[in-house]
Amino acid sequence: QVQLVESGGGLVQPGGSLRLSCAASGSIFSGNKMGWYRQAPGQRRELVANIRSGGLVYYADSVKGRFTISRDNAKTMVYLQMNSLKPEDTAVYFCNVRPDWAPGLGDIGTWGQGTQVTVSS
């Protein structure tokens, strides 16, 4: 059974940086895209970034130029480097795996348990 475990969240001041990690179990990287989603209190879960098995990446407009997603297939890890963090980035961040052909939106695939990111002075 596929499992995803996130880590790296925490409290950071505006303008600071955090690096989220997602450890994936099982042979799930082939033909699958890995994504980071976030959900703020009272809001819907939104796609932040994803990376396909071939390396093609997508970023939400709100994080372009500030966040970088990467994957290490050998270590079955996915990372989200977050720079220039803003208070509006505060949310629970979730790791997700779904087939490359699946849409980025929707409750598809496997989810991690989430890690809290709080941006506040």
Side-chain angles (χ1 to χ4, degrees):
Q1 185 174 355
V2 174
Q3 285 190 321
L4 302 173
V5 179
E6 303 97 333
S7 61
L11 173 64
V12 63
Q13 293 187 342
S17 298
L18 281 175
R19 188 195 196 203
L20 305 183
S21 299
C22 174
S25 65
S27 302
I28 61 173
F29 269 41
S30 177
N32 290 301
K33 60 187 172 188
M34 304 297 297
W36 286 97
Y37 294 72
R38 67 186 181 186
Q39 187 168 20
Q43 297 188 20
R44 300 177 66 177
R45 189 175 298 185
E46 63 174 353
L47 174 60
V48 176
N50 62 30
I51 180 167
R52 296 193 177 203
S53 59
L56 185 66
V57 298
Y58 163 87
Y59 294 100
D61 287 343
S62 58
V63 306
K64 279 181 182 177
R66 300 189 298 121
F67 291 11
T68 303
I69 189 170
S70 60
R71 61 193 291 169
D72 183 332
N73 291 340
K75 296 181 180 179
T76 62
M77 295 289 294
V78 181
Y79 307 97
L80 186 68
Q81 178 66 44
M82 306 186 294
N83 299 328
S84 302
L85 282 161
K86 305 175 181 179
E88 52 264 42
D89 294 318
T90 296
V92 178
Y93 284 70
F94 298 89
C95 182
N96 172 267
V97 59
R98 61 185 65 194
D100 273 339
W101 51 261
L105 300 178
D107 188 7
I108 300 171
T110 300
W111 297 89
Q113 82 288 349
T115 185
Q116 176 70 46
V117 172
T118 302
V119 185
S120 175
S121 55

Does the side chain of Met82 come within less than 4.5 Å of Asp89's, by heavy atoms?
no
Could you pull out the closest heavy-atom pair between Asn83 and Ser17, with the gap in Å?
OD1-OG, 2.9 Å
Looking only at atom types and distance, does a side-chain atom of [X] sit under 3.5 Å from a main-chain N or O of [Y], one as donor and one as acceptor?
| X | Y | answer |
| --- | --- | --- |
| Asn96 | Thr110 | yes |
| Arg52 | Tyr58 | no |
| Glu6 | Thr115 | no |

Report yes or no: do Ser53 and Asn32 form a side-chain donor-acceptor pair below 3.5 Å?
no
Between Phe67 and Trp36, does the side-chain contact (heavy atoms from CB on, under 4.5 Å) criterion hold? Intermediate values first, please.
CA-CA 11 Å; Phe67 291 11; Trp36 286 97; over 6 Å; no
Do the side chains of Lys64 and Asp61 get close enough for a salt bridge, i.e. N-O under 4.0 angstrom?
yes
Stepwise side-chain contact (heavy atoms from CB on, under 4.5 Å) test for Trp101 and Lys33
CA-CA 9 Å; Trp101 51 261; Lys33 60 187 172 188; over 6 Å; no
Looking at Gln39, Gln116, Arg38, which hits side-chain hydrogen bond (donor to acceptor under 3.5 Å, both in side chains) with Tyr93?
Arg38
Val57: partners by side-chain contact (heavy atoms from CB on, under 4.5 Å), with sequence neighbours left out:
Ile51, Tyr59, Ile69
Should Tyr79 and Arg19 be marked as a side-chain contact (heavy atoms from CB on, under 4.5 Å) after you check the CA-CA gap, both sets of side-chain angles, and the distance that decides it?
CA-CA 7 Å; Tyr79 307 97; Arg19 188 195 196 203; 3.6 Å; yes
Take atom CD in Glu46; do more than 12 heavy atoms of anything else shown fall under 6.0 Å from it?
yes
